[in-house]
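The figures that follow rest on heavy atoms only: side chains count, while hydrogens, waters and symmetry mates do not. Computed from a predicted model, the values in this text were never measured in an experiment.
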Amino acid sequence: MKFFAPAYLWWLALAVPIVLAYFYRTRRRRVVVPYLPFWDEVTQRTRRRFAILKIQDAAQLAVNLLIVALIVFALAEGHIEGVTRRPVQHWVVFDTSASMQAEGRRERAIAYLEEYVSKSVGAGDEMMLVGTAGWAIPLARDVGSASRVLRELPGGVYPELGLAAVLRVLGGRGRVLVLTDGQDAATPPDAVTVGQDVPNVAFVDLRVDSQSSIVEATVANFSDQERRVTVNIQGAQRAVTLGPRAEEKVFERVQPGTLKVFLQEADAFSLDNACYAVVERRARPKVAVVYAQALNHFLAQALRVFWEEGVIESTAAFQVGDAARVPEDAIVVYDHVAPPREPPPRVLVFGGPGARVVENPTVLTGNFSVRVSAVFDEGEPMLQALEGSLAVFRRRGDRSRIDIGFRLDDTDIQLTPWFPMLLRTAIDRLDRARTFPEAVPLGRPVCNLYPLDSETVEVTFADRIKLSQRVAVREGWVAISNHVSPGVFQIGSEQVTSNFFDRDESDLRPKVKTRTPAPEPLPWTAKVPLTAWAAGIALLLSVAEWGIYHRKG
Amino acid sequence: MKLDHHFVRTLERLNILAKRILLANIAGQRTSRRKGASIEFHDYRHYSPGDEIRYIDWNIYARHSALFIKEFAAEEAVHVALAIDTSLSMSYGRPSKLDAARLLAASLGYIGLANFDAVSLLTFTDRLVAHKTFLMGKGRIFELMEALERVAPEGKTDFRSALRLTLPRLKGRTVLILLTDFYDVENYREALKQLLAQRVQVHAVQVLSEEEVAPKLDGRLVMQDLETGRERELYISPEAVDLYRRRVQGFLDEVQRTCQDLEIRYARALSREPLEEVIVRIVQAGILEVK
C-alpha cells in the first residue's frame, strides 16, 4: 500500500486521545461501602448488562479507531497497487477555428470525447475543456455533461490563440487530448483529427463600386466536384455553376444601404455562405420643411447643423400656402401640418391636433416596402435609441413597412433633448443611407458610421454570446479588431454587421487521415475510488456510532 | 470533641429513662421503691425491736400511745452503660458514624452524670470492652470524653459474641444504650434477645451516614467492604441505586420493628445531623425524658 499524501499519516496520532479517553471512561473507580452485601443483592440484575457494556465499550473503541484509520487513509490518498491509481488531470483541447464549424466535425469530436470519458476518466480525475481560442471550461466527469458542454459551445469564429500556443501552455500537465480537424500546422501527431472532405463553396471576395452601386461577389468552389449554387444579392437570385476548384464572379446593381450576399442552399460549412457590405449613398438629400405659421426654431437649427456637417445638401422652408413649390426630390417635413392626400415619397410628419393629422405616434412614411426578413419579427424594434425604439418593422397582409418615429406631444417638440438625433436618423432612413442593420465592408475594421458622442461604448456581440467589452471612442470613432464574430453586433444604440471569416479557413481541403488513435485509455481500476469509499465508510460508521452510543432516548 | 455550653444546659434538663432498674448501694437522685435515708417521707409502720429509736414519731405516740416508725424513700442511682459499635463500618461517612456516636455518647453520658447515675463506656466489635466504668458526678465528664476520643474503629461487628459475655456487674441492673449501625444483619436480633434475657434494659440508637442511606454512585465501580475488605466490581446503574435505597430502608424498618417487638426504645441518627435534632429524636423515642 502506498500513500500519495503521506503527510496526513500524522493524523493517526488522533488515535492516542481516543485510546486515552477510552481508558479514562472505563477506568475502575474504587469506593468503600460500609456493608457490601446490600450492593451484592441489588446488582444481581445488572451484572449481565455490565458484561455487555464491557463488550460495547471495546467495540466502540474499535469503531472509533477504525474511523480514524479510514479518514487518514482517505486524506493520505491510500493507493493499493492494481486497484487504484492516482487522479489525473485531463486537458481536452478543442480546435475552435472556423473550419471546425463545418458540418459533422463537432459531432465527431463529441463522440470521441464521450468514448474517452467513459474509458479513461476515473474518480478523482479532473477534466478541463480548453479552446484554442484560449478559454477553458471545467468539465464534470460524467459522459453526458462533458459532451453537453462541447455541444452547446456557441458557433462562430473566436479570436484564435492557436493550437501551438495552447499546447505550449499545457506542456507537461496531465494528459492532453487534442480534438482538431488538422488544419493547424501545429497539430501534434497524436491529436485526434475529426476533419473530413467538405464540398465547400464560399464567397472569397465582395467589392462595391460606390459610383455605380454595382456589387462584385466572387464565389469559389473548393471541392473536386462541379457545384451549382444560387447567389442571393439583395433579393436577386443568380444561379452559378462552378467547376472543380473554380471561381466565378457575380455582378449586381444594388440600392444604397446594407447589403447581404448569401448562398441559398447553404453547404456543410455555413460560416462562409454569407457576407455583408454597405453601399454608400451617391448624393446627399435635400430637406424641405412645410410649416403652418412660423418655422420651428429648433427644427431649423437642427437642419442647419445637418447642412453644416454635410449630412444634407440643402434645406428650404415653405408656409403651408406655398406647399406646391416643394421640390419633388426633397424629403418633406410637415411640421404640424397635415400632409396632402397623396404625399410625396419621402415624408416626415410631425403630428399635431387637427383634421387629417397623422395619429400618434407620428409616422414616417416612405412609401416603400421591405421583404419579410428572418432577422426581424413583426413589432420588433430595429433601431433602439436611448429613449426607446425608433424603427419598428410591421406587416399587414402582403405589405410590410418600417415605421420610424417617436412619440410627440402637440407642443414643445423642441424640449425633447434627443430631437436632433431622431431627426437625423429619420432623414438618413428616408434617404436610405441607413438601413437596418448597418454594415461594414468585408475585411475592413468595424467602425460606426457616424461619430459617437460618448467616450466609451458597450459592445455586445451577436449570436447571444455574452461578450461585452468597453471600447474607447477616439475622436468620435470606435475601432474594433478584426477578431470578432461574424453577424450582427451592437455598438451602443447602433447595430452593425460584419463578416471576418478567414479566407484560408474556408478553404477546406480534403483530409486523408480523419482520426488518430488517442492515448491508450487508462485502466478500468481507475474507477475504484478507494479514498471516497474510505471517507464514505468513515462517515457511515460515525453516524452508526453516534446512533448507538450517543443518541439520547 | 466539644459540647456547646448552651447545649449542655439543655442536656441537664434531661434524664435517661430507666424502668425499675435502680442500682442498689449507690445513692443517686432517683427515688427508689426501697426505703432509704432520704428526706422524702414514705410511710409509717409499727415499731419492731431493733428499729432505730430516732425514727420513732413521738407525736403519734403522744396521741395514740403507740410506737410508729417513720419510713423514708431511698434515693438511688442508675447504671447507664453506653455501648458504642467501633467496627470499621462505623468509620464510614463524613463525618463518620463513629464521630457521631462519640458525640452522642458524650451527650448521653453527661445526662447520666448530671443525674448522679453511674456511667460506663463500653465498645464492642466481636467482643465487649469496658473503657470506663461507674463514673459518677458531672466532673467525670472529661474523663469520659477523653476515653471516647481514644476509641478507634477496628474489626468486624459480631453482635452475638460481643454481647454474649456482658460484664457480670451489668446483669439485671443496667440501662444499656447501644450506639451502632446494626451491620450484623443475621445476628443482631438474637443478641438483643440475649441481652434482654439478662434483664438489662436496652435502648438502641442506630447511627447511619447520609452516604449509605442515599448514595450518589454510578458507573463501573470496584466496591470494597469496610469491615471484611472484600472487593467486587459492579456496574451501578440508577436503577441499582434505587434498589439499594429500598433495600437499606427495608433493613432500617426491620431493625425498628425488631426493637418494637422486643420493647426496646429505638431511635435513628444521621451522622451529619445536628446533635440537637438527634437528641430531640431520642427524647421522642422515649430513651430520654424531660425532668
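- Between B:Ser89 and A:Pro34, the closest heavy-atom pair is CB-O, 3.6 Å.
- With a 6.0 Å radius and a threshold of 12 heavy atoms from other residues, nucleotides or ligands, A:Tyr8 has its OH atom at or below the threshold.
- Within the 4.5 Å cutoff, side-chain heavy atoms of A:Pro37 are placed close to those of B:Arg230.
- Within 6.0 Å of CZ on B:Arg127 lie no more than 12 heavy atoms contributed by other residues, nucleotides or ligands.
- To the nearest 0.5 Å, atom OG1 of residue A:Thr43 and atom CE of residue B:Met223 are 7.5 Å apart.
- Of the residues B:Phe182, B:Tyr183, B:Tyr92, the one that meets the side chain to side chain contact (heavy atoms under 4.5 Å, CB included) test with A:Tyr35 is B:Tyr183.
- In the displayed structure, A:Arg25 atom CZ is contacted under 6.0 Å by more than 12 heavy atoms of other residues, nucleotides or ligands.
- Proximity to chain A involves both the backbone and the side chain of B:Glu233, based on heavy atoms less than 4.5 angstrom apart.
- Annotation for B:Glu254: atom CD counts as buried by contact number, over 12 foreign heavy atoms lying within 6.0 Å.
- Atoms NZ and CZ, from A:Lys54 and B:Arg220 in turn, are 7.0 Å apart once rounded to the nearest 0.5 Å.
- Put simply, of B:Glu227, B:Arg232, B:Lys97, B:Glu212, the one with the most heavy-atom pairs under 4.5 Å next to chain A is B:Arg232.
- If you tally non-hydrogen atom pairs under 4.5 Å between each of B:Asp242, B:Val241, B:Asp218 and chain A, the highest count goes to B:Asp218.
- Using a 4.5 Å heavy-atom cutoff, the side chains of A:Trp39 and B:Asp225 are not in contact.
- With a 4.5 Å cut-off on non-hydrogen atoms, B:Leu217 touches chain A through its side chain but not through its backbone.
- Between chain A and the options B:Gln224, B:Arg246, B:Glu231, heavy-atom pairs under 4.5 Å are most frequent for B:Gln224.
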